[in-house]
Amino acid sequence: MGSHRRLAPTGFDKGAVAALGLLSGAAAALGAVPAGTAAAAPHDDTRAEVDRLYEEAEQATEAYNKADEKADALREKVTTAQDRIARQQERINTMREALGSLAGAQYRAGGLAPALALLFSDDPDDYLDKAAALDRINAHQAGQLRELQTAMRELAQERAEATRALRELEKSRTAVARHKKTVERKLARARQLLNALAPAERAAFDRASRSGRTDLPGLTGGVPASGRAAAALAAARSALGKPYVWGANGPSGFDCSGLMQWSYAQAGVSLPRTSQAQRYAGRQVPLSQARPGDLVVYRSDAGHVGMYVGNGQVIHAPYPGAPVRYDPVGMMPVASVTRV
């Protein structure tokens, strides 16, 4: 599934109940239908419902990944702001202490007006030297005061920014939790439908779903667009058989965009977390010009992504229960092909 957004449950339960009803009818009729026929074609309505649930869960997974990525960035931003605030506060405290000491010294040295102090001075030249020094001190003190005021304004701005970032972080955390519940609810319903199938029907469903194959050795049909594309492809192939885990980007499990991100990371390339963002992570090329290592993005919502491996095949993390595997590039409507 792609990443790492809220899907309305309208008609959701009705569709699931209808599908379960159809399953019950099919089960009642098994005595009159040869077992081979039932195993070869699980009820089309059930299969369509499960595929729909997987697609919606995939969209919610992408939304989850996007919100989670934003939360990570905001956490880093808040931590940085808090560090800056602490350093600025320490600087302000030091400036206040220095100004306080200087003001106290001036107060203790106060008394006679400058003209009278000059009149009664035993050494007018010495007094004038001291007065000039005092003027310089006063000018320096005024500069320090201005600097202190500027530092205090900056501190107030930093605190306001940190407060806004914290509010955004809380919103993002809420979004992460909301999308997580959406994914889990839809996947649970899909599992319920699949578990209602007889073992032979379930096996037929797995064979038919996205035409999955894992026995395609020695793929040919083009060379990688670059050395890093070849390295990313090698990494993706090393993940064959790893489980689909929604919201995961390796190394023990992956969702669709997580597999792409992890594979390119092994090649030293940083990809965005979601399939929607990965779509624009490079130059788009026609499907007819696809080379191994290119990202193939699916559906108009860019909710799924795989990596082209050549010979009309992609490698991807399909959906829960299906491991990382090869599938035909045309398994779903192709939205775009991106060369990283």
Side-chain angles (χ1 to χ4, degrees), residues 1-5 55 58-73 76 210 216 219-240 242 244-251 253-319 324-340:
M1 292 184 189
S3 190
H4 291 99
R5 299 196 209 291
E55 181 175 334
E58 195 162 55
Q59 292 167 348
T61 298
E62 289 298 288
Y64 168 88
N65 288 337
K66 183 177 181 179
D68 194 46
E69 184 178 44
K70 182 178 180 181
D72 286 342
E76 184 176 348
R210 296 185 180 175
L216 297 169
L219 289 169
T220 59
V223 295
S226 66
R228 63 186 187 180
L233 179 56
R237 281 177 166 157
S238 75
L240 280 169
K242 296 287 181 68
Y244 178 98
V245 179
W246 73 266
N249 59 350
F254 304 89
D255 62 23
C256 70
S257 58
L259 176 62
M260 301 302 102
Q261 186 184 50
W262 178 83
S263 298
Y264 265 96
Q266 309 316 299
V269 179
S270 177
L271 287 185
R273 180 62 181 91
T274 68
S275 56
Q276 289 90 346
Q278 290 174 2
R279 181 179 190 175
Y280 301 105
R283 178 170 61 92
Q284 294 192 1
V285 298
L287 178 61
S288 60
Q289 298 178 18
R291 295 182 185 178
D294 290 349
L295 305 181
V296 182
V297 180
Y298 291 94
R299 300 195 306 264
S300 59
D301 65 352
H304 190 80
V305 63
M307 184 182 295
Y308 190 68
V309 298
N311 198 33
Q313 302 287 320
V314 294
I315 187 170
H316 68 141
Y319 51 80
V324 174
R325 69 190 190 189
Y326 297 116
D327 269 326
V329 69
M331 62 183 175
M332 288 183 282
V334 175
S336 61
V337 177
T338 300
R339 183 157 298 157
V340 179

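The residues of the chain are indexed from 1 along the displayed sequence.
- In this structure, CD1 in Ile315 is found 7.5 Å from OG in Ser263, a value given to the nearest 0.5 Å.
- A heavy-atom distance below 4.5 Å is found between the side chains of Tyr326 and Arg237.
- In this structure the side chain of Phe254 reaches within 4.5 angstrom of the side chain of Val324, judged on heavy atoms.
- Rounded to the nearest 0.5 Å, atoms CG (Leu259) and CG (Asn249) are 10.0 Å apart.
- Taken from CG in Leu295 to OG in Ser275, the straight-line distance is 10.0 Å, to the nearest 0.5 Å.
- Note that CD of Glu58 is 11.0 Å distant from OH of Tyr319, once rounded to the nearest 0.5 Å.
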*Show your reasoning for whether side-chain contact (heavy atoms from CB on, under 4.5 Å) applies to Val297 and Val334.*
CA-CA 6 Å; Val297 180; Val334 175; over 6 Å; no
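- For the atom pair OG (Ser336) and CZ (Arg299), the distance works out to 12.5 Å, reported to the nearest 0.5 Å.
- Taking 4.0 Å as the cut-off between side-chain N and carboxylate O, Asp255 and Arg273 count as a salt-bridged pair.
- To the nearest 0.5 Å, atoms OH (Tyr264) and CD (Gln278) are separated by 10.0 Å.
- Side-chain contact between Val285 and Asp294 is present, with heavy atoms from C-beta onward closer than 4.5 Å.
- Considering all non-hydrogen atoms of both residues, Tyr64 and Gly247 come closest at CE2-CA, 4.0 Å.
- Within 6.0 Å of the CD atom in Gln284, the count of heavy atoms belonging to other residues, nucleotides or ligands exceeds 12.
- Minimum heavy-atom separation, Gly303 to Cys256: O-SG, 4.2 Å.
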